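Here is the structure we will look at, set down as structure tokens.
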Amino acid sequence: MLPKLFFGYYAAVIVILSLLVVTRKNPVRSVMWMLLLFFHIASLYLFLNAEFIAAIQVIVYAGAILVLFLFVVLLLNLREELKVKRFIGSWPAGLFVSAAILAIVINVIRSFVLAAPPGKYSIEYIKEATHTKALGTILYTEYLFPFEIASLVLLIAIIGAIVLAKRKTRS
Amino acid sequence: MVPLNWYLMLSAVVFMIGVFGFLTRKNIIIMFMSVELMLNGVNISLIAFSHYLQDMRGQILVFFIITVAAAEAAIGLAIIIALFRNKSTAHVDEMNEMKG
Amino acid sequence: MNNYLLIPFLPLAAFLINILLGRNFLKEKAHWVSILAVAGSWVVAVMALVDTMAGKTINEDLYSWFVSGNFKVSVGFLIDQLTAVMLIVVTTCSMLIHIYSVGYMHGDKGFYRFFAYLSLFTFCMLMLVMANNFLQLYFGWEGVGLCSYFLIGYYFDKKSASDAGKKAFIVNRFGDFGFGLGIIMIFLTFGTVYYEPVFAQAGGFANHTVNFLGYDVHLMTLIALLLFCGSIGKSAQMPLHVWLPDAMEGPTPVSALIHAATMVTAGVFLVARCSPIFSLSETALMVVALTGAITSLFAATIGLVQNDIKRIIAYSTISQLGYMFLACGVGAYSAGVFHLYTHAFFKALLFLCAGSVMHAMAGELNLQKMGGLKKYMPVTYITMLLASLSIAGVPGFAGFFSKDEILWLAYSGPSPVGKLVWGIGTVVAFLTALYSFRLIFLTFHGKFRGTHEQEHHLHESPKVMTIPLILLCVGAIASGWVGIPHLLGGGAHFTEFMKPVLGHPEGHGTHSEEWMVMAVSVIAGFSGIGLAYFMYLKRADIPVRLAARFSAVHKILLNKYYVDEFYSFLIVRPAIWIAKNILIGITDAKIIEAIVNGIPKAIGGFSQVIRKVQTGFLQHYATIMATGILIIVAIMLLR
């Protein structure tokens, strides 16, 4: 009963925070609500025995990405943001489409049953090997190649961001 | 024990809220945040599957998604800055160069 | 065989070298490449002739050109007696004219281009005569036509020259269309385009008929006449002769090489080469003989009154080509080829002498402004006189033997029109002597009638031009000696040599008849010379009075029987009218432009409608995309 209560709390908070993020007029507030949202999601990950991912969620998402968002929000002059409408004219269409997809998906998920046999990374196994070590072993053996590609993606992102954001000198 | 379906439903709700935000908000930064929201929605379901299947691969995938999200945020925000510099606006409804 | 490959490919190599390097590197030395190449070809051609005389003929495929179903063509060479003679004619004339051109074209800004084209022409002509199948013959045929076009229009900044080039090309289209159909008919009939099997099987089709436009036509007659269409165009016979006089716009060496000695004789070569087909059809032979006879009479009469020195020789060429067809038409192919061979020398010589005169007269072509050039240019005078004696059929000269053989075989042959064409031929022999010596007397004798400036300028041509004249002169005199008839104690070697390819002409007549024919033609020739002497030197007033008396006839002759005007009225003007009023006015403006403009207009109108979908708002696109996803999800999950 207790896990369900915990889950209920987190689910409710995450949904409410998500709604707040997409509906606030002031982008700064959206970012702040999102920060809180990410902490909750990280907690949910802990709940699912994924402490390393939870840590990354906090460090990368909350610590790096959101700070970047905040920078940009503050960099841009958004004073008049508060005067205009927050949604575009055709927002009911967007609401309808997303709600319809959600309804269909939820309808299917309700009757979803997990059929595959469980793998070897049981809670006992992870407890013994520690989560970080288990994840790291796979990452540096089975997924070494994608891991290297990921590093390349980041490199390109760094260069791309510099090139794009660089103020062009007018000659 | 919380059923897997609940996590999946939560994941779907968060994802669709992200979609809704992306489709309806004027402000391009919020649209971008909606995209992050969608990614997080996916991440929740992946972690949940990983836990219930006792398989690490879901978490590896989340790891990569976060990497890509970071790269995407860096590039996307750089684009927003470049765009704002040219258009002095962050509202997508004021950008209609593609209008036929 | 391998040596023989050099014959066509040396000039080809010279062409490539000149066209690629001539402009920037060879410049004034461009002639060396071409002359060395054609001299090499000549040497090998002489070797080929010697081999052929020893009885060695060659028929080999070099490489497969294309294969499509059972249609197979290769680049191949056939060197038999006929080809060997043609090789000698082509390479000898080509070589001497190449050398002559060094002097004639000296200082011209397109020097390298001229020699490149000459080499290309030599290559194409050699491919034509050496072919062992009809398609390669056609390749060479069109190749020489192309070079003829290039070289007639060599002074392309002169409008009349480029027009003449176009005229030659377009008029030849008419003939070549028939020739092309002929080759197709040959393929349809025999299933191959190679000479050897075609000629071997031709006899088996002698009595076949084919349904053509609802009529049953004798198959061999149809093929022979279609091939003869090509000959008519290329050899400038009636009614497609109109291009040759205009072709004189080209440089004189070109007139000599292409429009006198070699290319225009390709038609005769074709008829001779296809003699197994022509021999099967009496109708076709009759058409050939009559076309030749009428053309030769027709052109000779025009030649009588023209004043342009080169055009007179051009009409003379048409007339002599008619003679060759006359010979082929009465079945005397070897006599036709014999005349082709002697004619190449004396006609090329006549043209080169005319070029030499032009050179001295600074481009002046009008006979009436010349006169008395004898003392200024003795070499040119003597060589041209000898060439004229040869063409007039004076005994001992080359022209005499070939012309006499033609006339005798026409008289004595089995052809139903033999006597008739013999009569015409004799008249033409008289006319030929008349206009040839009119040319000589008006140009070289009497008083100079040009301006003082021109008189001051008069000079003999340089050695590089006169030496080829002298060498050709040897040919013009002596080339006939290989065919001295039995009657005069000769061996008639030429006919014997040609026997394996062209067969032996049938002639039935007594010795006294043969003497009579010979005497008549000699008398015709001498009386022509005598009349020319009397009319143009002794009593220069006679031609003027004759022209005044028979002004209508004179006018018709001067205007070449109004054939050009007739074609202009019948073909050119209607074609232009149709082009202007129907093609431009209706087809182009109303139909094609309506389609061309209408389709974009319709697309434009349609896009005006659907462009409204493209709002340019990012989220509209995203919403549409999401709607698509909704539909897919709905289909997949709610099924």
Side-chain angles (χ1 to χ4, degrees), chain A residues 3-4 7 11 14-15 18-19 21-22 27 30 34 41 44-45 48-50 53 56 60-61 64-65 68-69 72-73 75-76 78 81 86-88 91 94-95 97-98 101-102 105-106 109-110 112 114 116 118-122 134-135 138-139 143 146 150 153-154 157-158 160-161 164-165, chain B residues 1-2 4-10 12-14 16-21 23-27 29-30 32-34 36-37 40 43-44 47-48 50-57 59-60 62-64 66-75 77-82 84-85 90-93:
Chain A
K4 282 182 179 167
F7 178 81
I14 285 171
V15 169
S18 301
L19 284 171
V21 166
V22 297
S30 284
M34 199 165 193
I41 290 176
L44 202 64
Y45 290 168
L48 288 166
N49 286 323
I53 299 294
I56 288 177
V60 176
Y61 259 126
I65 297 177
L68 202 60
F69 269 97
V72 174
V73 170
L75 199 66
L76 307 183
L78 294 174
E81 181 68 38
R86 63 192 84 177
F87 295 117
I88 61 162
W91 68 269
L95 179 62
V97 169
S98 37
I101 297 176
L102 183 64
V105 170
I106 296 241
I109 289 172
R110 268 203 330 212
F112 177 77
L114 197 60
K120 69 168 185 173
Y121 295 97
S122 59
L135 192 66
I138 299 177
L139 198 57
Y143 288 93
V153 168
L154 284 172
I158 292 166
L164 284 169
Chain B
M1 190 69 178
V2 185
L4 173 62
N5 298 15
W6 290 20
Y7 284 101
L8 296 183
M9 281 181 197
L10 174 64
V13 169
V14 173
M16 289 324 294
I17 289 172
V19 169
F20 167 72
L23 292 184
T24 55
R25 286 304 298 252
K26 265 184 187 174
N27 192 312
I29 299 171
I30 309 249
F32 219 64
M33 284 158 69
S34 304
E36 300 293 338
L37 216 54
N40 270 286
N43 284 354
I44 291 171
I47 299 282
S50 168
H51 179 73
Y52 281 90
L53 284 169
Q54 300 187 352
D55 192 325
M56 275 299 194
R57 279 179 291 188
Q59 298 187 19
I60 298 285
V62 171
F63 184 80
F64 288 132
I66 291 174
T67 313
V68 171
E72 178 228 341
I75 296 279
L77 290 169
I79 290 174
I80 289 172
I81 288 173
F84 191 80
R85 198 183 288 147
H91 292 159
V92 277
D93 57 348

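Source: prediction; values computed, not measured. Within every chain, numbering begins at 1; the chains are lettered A, B, ... in the order of the sequence lines, protein sequences first and strands thereafter. FYI, side chains are in, hydrogens and waters are out, and symmetry mates aren't considered; it's all heavy atoms of this structure.
With a threshold of 4.5 angstrom between heavy atoms, A:Tyr61 approaches chain B through side-chain atoms but not through N, CA, C or O. Heavy-atom distances place both the backbone and the side chain of A:Leu48 under 4.5 Å from chain B. Residue A:Phe7 touches chain B through its side chain alone, counting heavy-atom pairs closer than 4.5 Å. Only the side chain of A:Val105 has a heavy atom closer than 4.5 Å to any heavy atom of chain B. Neither the backbone nor the side chain of A:Ala64 comes within less than 4.5 Å of any heavy atom in chain B. Residue B:Ile80 touches chain A through its side chain alone, counting heavy-atom pairs closer than 4.5 Å. With a 4.5 angstrom heavy-atom cutoff, A:Leu44 touches chain B only via side-chain atoms. The parts of A:Leu19 that come within reach of chain B are both its backbone and its side chain, each placing non-hydrogen atoms under 4.5 angstrom from that chain. For B:Ile30, the part lying near chain A is the side chain, with the backbone staying farther off; criterion is any non-hydrogen pair under 4.5 Å. Contacts of B:Phe64 with chain A are made by side-chain atoms alone, with heavy-atom separations under 4.5 Å and no backbone atom involved. For chain A, the nearby parts of B:Ile44 are the backbone and the side chain; heavy atoms of each come within less than 4.5 Å. Contacts between B:Leu4 and chain A at a heavy-atom distance below 4.5 Å involve the side chain alone, from C-beta outward. For A:Val153, the parts lying under 4.5 angstrom from a heavy atom of chain B are both the backbone and the side chain. Neither the backbone nor the side chain of B:Glu72 comes within contact range of chain A; no heavy atom of the residue lies under 4.5 Å from a heavy atom of that chain.
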| task | Begin with the C-alpha distance, continue with both residues' side-chain angles, and end with the deciding distance and a verdict on side-chain contact (heavy atoms from CB on, under 4.5 Å) for A:Met34 and B:Leu37. | result | CA-CA 9 Å; A:Met34 199 165 193; B:Leu37 216 54; 4.1 Å; yes
| When you look at A:Leu135 and A:Tyr121, which way does the side-chain contact (heavy atoms from CB on, under 4.5 Å) test go after all the steps? | CA-CA 10 Å; A:Leu135 192 66; A:Tyr121 295 97; over 6 Å; no
| request: Test B:Tyr7 against B:His51 for side-chain contact (heavy atoms from CB on, under 4.5 Å), laying out the working first. | output: CA-CA 11 Å; B:Tyr7 284 101; B:His51 179 73; over 6 Å; no
| query | When you look at B:Ile17 and A:Leu102, which way does the side-chain contact (heavy atoms from CB on, under 4.5 Å) test go after all the steps? | reply | CA-CA 9 Å; B:Ile17 289 172; A:Leu102 183 64; over 6 Å; no
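When B:Ala82, B:Ala12, B:Gly18 are compared by the number of non-hydrogen pairs under 4.5 Å with chain A, B:Ala12 comes out ahead. Comparing B:Thr67, B:Ile81, B:Leu10 by how many heavy-atom pairs each has under 4.5 Å with chain A, the most go to B:Leu10. Your options are A:Val21, A:Val15, A:Leu114, and the one with the most heavy-atom pairs under 4.5 Å with chain B is A:Leu114. Between chain A and the residues B:Gly21, B:Ser50, B:Ala71, B:Ser34, the most heavy-atom pairs under 4.5 angstrom are made by B:Ala71. Most heavy-atom pairs under 4.5 Å with chain A: of the set B:Leu23, B:Val68, B:Ile60, this distinction falls to B:Ile60. Chain A forms more heavy-atom pairs under 4.5 Å with one residue of B:Val13, B:Leu77, B:Val14 than with any other, namely B:Leu77. Each of A:Pro3, A:Gly160, A:Ser122 has some count of heavy-atom pairs under 4.5 Å with chain B, and the biggest count is that of A:Ser122. In terms of heavy-atom pairs under 4.5 angstrom with chain A, the leader among B:Ile47, B:Leu8, B:Asp55, B:Val19 is B:Ile47.
Remark: side-chain polar atoms of B:Asn43 are not paired, donor with acceptor, to backbone N or O of B:Val62 under 3.5 angstrom. Side chain of A:Arg86 to main chain of B:Arg25: no donor-acceptor pair is present (N/O by atom type, distance under 3.5 Å, no hydrogens or angles).
Distance check: B:Met9 CE to A:Phe112 CZ gives 11.5 Å after rounding to the nearest 0.5 Å. To the nearest 0.5 angstrom, A:Leu75 atom CG is 9.0 Å from B:Arg85 atom CZ. B:Phe20 contributes atom CZ, which lies 13.0 Å from atom CD1 of A:Ile101 (distance to the nearest 0.5 angstrom). One distance of note links CD1 of B:Ile75 with CD1 of A:Ile158; it measures 9.5 Å at 0.5 Å rounding.
Taking every heavy atom of both residues into account, A:Gly94 and B:Thr24 meet most closely at CA-CG2, 4.1 Å.
Partners of B:Asn40 according to the side-chain hydrogen bond (donor to acceptor under 3.5 Å, both in side chains) rule, which considers only residues two or more places apart in sequence or in another chain, are A:Gln57. Take B:Phe63 and apply the ring pair (Phe, Tyr, Trp, His ring centres under 6.0 Å) test, not counting sequence neighbours, and it matches no residue.
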